[in-house]
Amino acid sequence: MALSRTWLSRPRGVASSGESTRLLPQASRLVELPYSSSDDDDTDLPAAEQDPAAWCHVPPKPGTFSQCVRYLAFLWNLLFLLLGLLALAVGVWGLLAKGSLGGERLAPLGSDPMLLFVLVGLGASAVSLAGCLGALRSSPCLLRFFVGAVLAFAGLELLGMLLLLAARHRLRDALRDALLLCLLRYQEEPDLRFLVDEVQRNLRCCGLGSYRDWENNPYFNCSAPGVQACSVPASCCLDPWQNGTVANAQCAFGALRLGDMAASTVVHLGGCVAQLSAWLRGQAGGIVAAAAVLVLVEATGVLMALKVLGDIVPVGARD
């Protein structure tokens, strides 16, 4: 604010000489203040324009703990990115080696175990890559995608466990259907053949309910023209080794032509469905422990991502 010059004066003839003498010291103490337009302007500016920090949010520099969590999240996701790429490479290599990606093999692709490696590797690689880049570049978008994808996977796993518990009485039927598919495609899929041989050899069983289930296989059926007609796989044999060292691939030839008594001296008569069901029930503790470890791994990744996200996103922006 400005103060104009003030002159103390009295009209002529009104004040006496004594009064003028008393007013002069008071007038000498009056000082003219300079006028500045900036004083008025400053009082009218809003607080946001006076403080440049209020124009945009300046995130604070993350502390040592936040930096450690950020790089740990990057390394954590990098590990699973490499594992996912490894699973993807194994699956693609398996499909290419067996020619499953060829035009004439597209039909059985859905029953190929290598397809599971491809899908799991592709999903794990994509999600882990988002987590790596999100932690390294401090990208809220990628971190939110990572958290959402992991939570979606956890939800699907929980749904699968609930469905498994609800339909546990149908587990034997599901195992029977899976083993029947493996039995029918035994010669056509090397992976299924390896799986069936391992199950029959380790559980000492043969077929689904009995060794005669192999008659459903077009190559082992007694009406088949090949040398494997009326036979079962060598993994059904009581002693699949010749001289204890060399695998005897012909130990079960003609087993389906024999009676049960005679066949019992050559192959296992019992089926694998009951044996596999009992084995799975015995491994229930290990399955639960594996599921708990998987949930812990996913929870660790989500918590680290949320910590990094909380450090780079202001509180007001989250709302």
Side-chain angles (χ1 to χ4, degrees), residues 94-95 97-100 104-105 107-117 164 167-284 286-287:
L95 293 177
K98 296 184 299 181
S100 297
E104 69 279 1
R105 298 296 303 277
L109 183 61
S111 61
D112 198 322
M114 289 293 121
L115 183 62
L116 180 62
F117 282 88
L164 184 61
R168 61 183 180 275
H169 57 282
R170 299 181 180 178
L171 180 60
R172 177 168 295 191
D173 296 337
L175 288 176
R176 179 180 293 274
D177 294 339
L179 289 177
L180 179 60
L181 177 63
C182 296
L183 184 146
L184 294 176
R185 307 192 62 83
Y186 180 80
Q187 282 86 357
E188 301 174 6
E189 294 290 342
D191 299 315
L192 295 180
R193 180 167 64 248
F194 172 79
L195 180 62
V196 170
D197 288 340
E198 287 297 314
V199 170
Q200 292 188 147
R201 189 178 296 113
N202 294 326
L203 297 182
R204 299 181 179 274
C205 57
C206 186
L208 304 180
S210 70
Y211 72 104
R212 293 199 172 275
D213 292 327
W214 283 104
E215 293 180 357
N216 297 318
N217 186 281
Y219 295 91
F220 291 128
N221 190 278
C222 291
S223 60
V227 295
Q228 293 180 331
C230 280
S231 301
V232 295
S235 57
C236 292
C237 293
L238 298 177
D239 185 14
W241 303 98
Q242 184 176 0
N243 299 327
T245 56
V246 181
N248 185 7
Q250 301 179 358
C251 62
F253 275 20
L256 294 178
R257 294 192 183 98
L258 305 176
D260 292 344
M261 187 64 67
S264 64
T265 61
V266 180
V267 298
H268 299 287
L269 301 183
C272 295
V273 174
Q275 298 284 350
L276 190 57
S277 300
W279 181 83
L280 289 177
R281 286 193 297 268
Q283 300 296 322
I287 296 174

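Small disclaimer: the values here were computed from a predicted structure and weren't measured.
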Correct closest heavy-atom pair for Leu179 and Leu208 would be CB-CD2, 3.1 Å

How far apart are the closest heavy atoms of Ala263 and Ala255, and which atoms are they?
CB-O, 4.1 Å

What heavy-atom pair brings Pro218 and Ala224 nearest, and what distance separates the two atoms?
O-CB, 3.3 Å

Heavy-atom nearest pair, Ser235 first then Gln200, reads OG-NE2, 2.6 Å

For the pair Cys206/Cys272, is the SG to SG distance below 2.5 Å?
no

Enter the distance from Cys236:SG to Arg201:CZ here, rounded to the nearest 0.5 Å.
10.0 Å

Yes or no on side chain to side chain contact (heavy atoms under 4.5 Å, CB included) for Gln250 and Val227, after CA distance, side-chain angles and deciding distance?
CA-CA 10 Å; Gln250 301 179 358; Val227 295; over 6 Å; no

Are any side-chain N or O atoms of Asp213 and backbone N or O atoms of Ser210, one a donor and one an acceptor, separated by less than 3.5 Å?
yes

Leu183 side chain near Val196 side chain, heavy-atom distance below 4.5 Å:
no

Sidechain-backbone polar pair: Arg212 side chain, Leu256 backbone, donor-acceptor under 3.5 Å:
yes

Rounded distance (nearest 0.5 Å) linking atom CZ of Arg185 with atom CG of Leu180
12.0 Å

Below 4.5 Å, heavy atoms only, C-beta onward: do Gln275 and Val199 meet side chain to side chain?
no

Between Asn221 (side chain only) and Asn216 (backbone N and O only), is there a donor and an acceptor less than 3.5 Å apart?
no

Short side-chain to backbone donor-acceptor contact, Ser231 and Gly254, under 3.5 Å:
yes

Minimum heavy-atom separation for Pro233 and Ala252, please, with both atom names.
O-CB, 3.7 Å

Could you give all pairs that pass the side chain to side chain donor-acceptor pair (under 3.5 Å) test and reach residues 251-273, with sequence neighbours left out?
Tyr211-Asp260

For the CG atom of Leu269 and the CE atom of Met261, what is their distance to the nearest 0.5 Å?
9.5 Å

If you measure from CG on Asn217 to SG on Cys182, what distance do you get to the nearest 0.5 Å?
11.5 Å

Taking the inter-plane angle between the rings of Tyr186 and Trp214 on a 0 to 90° scale, is it parallel (under 30°), tilted (30 to 60°) or perpendicular (over 60°)?
perpendicular

Strictly under 2.5 Å separating the two SG atoms? Check that for Cys237 and Cys251, please.
yes

Closest heavy-atom pair, Gln228 versus Gln187, reported as atoms and distance to 0.1 Å, is OE1-NE2, 3.4 Å

Going from CZ on Arg193 to CG on Asp197, what distance comes out if it is rounded to the nearest 0.5 angstrom?
7.5 Å

CZ of Phe253: more than 12 outside heavy atoms within 6.0 angstrom?
yes

Working to the nearest 0.5 Å, report the span between CD of Glu198 and CG of Leu203.
10.0 Å

